[in-house]
Amino acid sequence: MTSTKPTDEQLVHTVEVLGHPGVIRLVTEIDDHGPVARHMLSRTFPDLPLQQVRDGSMLARTHQLIHSGQQAGQPAYRLTPRGAALADVYDTAARWARAHHHPTRHADFTTRVRATLTLLTQNTAHGMEPAQALHQWMQANRGVLDARAAASPTAVLSASSGGACG
């Protein structure tokens with residue numbers, strides 16, 4: 001398989017989706033602790049606004065990062081293989097950010113991941129370990145973000161508003 005560098009537009013769009021705090025938290029929670037019962041989303045993330053949790057779960061489902069399954073007879077979210085691979089990208093980004101005190105020495109995991117992903121959209125980030133991890137993830141999941149929602153995350157969220165996302 002030939003490795004091609006993503007276009008700036010693809011990279012920015014990917015970072016918009018993958019950098020959503022709800023997506024980061026949901027993918028990381030499931031990776032670290034296993035399936036999350038759908039009815040427990042707001043309790044699992046009490047520090048996030050409910051709308052952010054709902055938007056994150058909707059984006060993660062739309063982009064095939066999570067899927068619904070069963071946990072103790074209840075509907076629960078589980079990672080797909082691409083979601084599990086994304087959790088590794090998040091870990092790489094957070095580890096790099098922590099080592100480089102980016103964006104600050106005391107930033108939390110989500111802030112570190114978001115700041116590092118945003119940094120990767122700049123031309124100066126090439127060759128960084130998180131950039132390589134993200135590009136590999138994009139290569140392995142070519143077209144997922146484009147095919148699942150050609151529009152921006154905001155448009156995806158707007159198109160789904162009014163529906164139950166939790």
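Only heavy atoms go into these numbers, but all of them, side chains included; no hydrogens, no water, no symmetry mates.
- Residue Trp137 is grouped with residue Val15 when hydrophobic side chains (ILVMFWY) are merged at heavy-atom distances under 4.5 angstrom, including chains of intermediate members.
- The hydrophobic cluster containing Val113 also contains Met128, counting ILVMFWY residues as joined when their side-chain heavy atoms lie under 4.5 angstrom apart, directly or transitively.
- Partner Pro21 forms a side-chain contact (heavy atoms from CB on, under 4.5 Å) with one of Val53, Leu26, Thr110 and no other, that one being Thr110.
- With rounding to the nearest 0.5 Å, the separation of CD in Gln132 from CD in Gln136 is 7.0 Å.
- Annotation: side chain of Ser68 is in contact with side chain of Tyr77 (closest heavy-atom distance under 4.5 Å).
- The side-chain hydrogen bond (donor to acceptor under 3.5 Å, both in side chains) check on His101 picks up nothing, with sequence neighbours excluded.
- No donor-acceptor pair closer than 3.5 Å links the side chain of His33 to the backbone N or O of Glu29.
- A chain of hydrophobic side-chain contacts below 4.5 Å, direct or via other Ile, Leu, Val, Met, Phe, Trp or Tyr residues, connects Val36 to Phe109.
- Proximity of a side-chain donor or acceptor of Arg78 to a complementary backbone N or O of Pro35 within less than 3.5 Å is not detected.
- Side-chain atoms of His63 never come within 3.5 Å of backbone atoms of Leu65 as a donor-acceptor pair (strictly under, hydrogens ignored).
- By the side-chain hydrogen bond (donor to acceptor under 3.5 Å, both in side chains) test, Asp47 pairs with Arg25, sequence neighbours left out.
- Contact check for Leu11 versus Leu134: side-chain heavy atoms found under the 4.5 Å cut-off.
- Under the side-chain hydrogen bond (donor to acceptor under 3.5 Å, both in side chains) criterion, Arg98 pairs with no residue at all, not counting sequence neighbours.
- With hydrogens and angles ignored, the 3.5 Å screen pairs a side-chain donor or acceptor of Arg114 with a backbone N or O of Gly19.
- Distance check, rounded to the nearest 0.5 Å: OG1 of Thr80 to CG of Asn141 gives 8.0 Å.
- With a 4.5 Å cut-off on side-chain heavy atoms, Asp91 and Asp31 count as touching.
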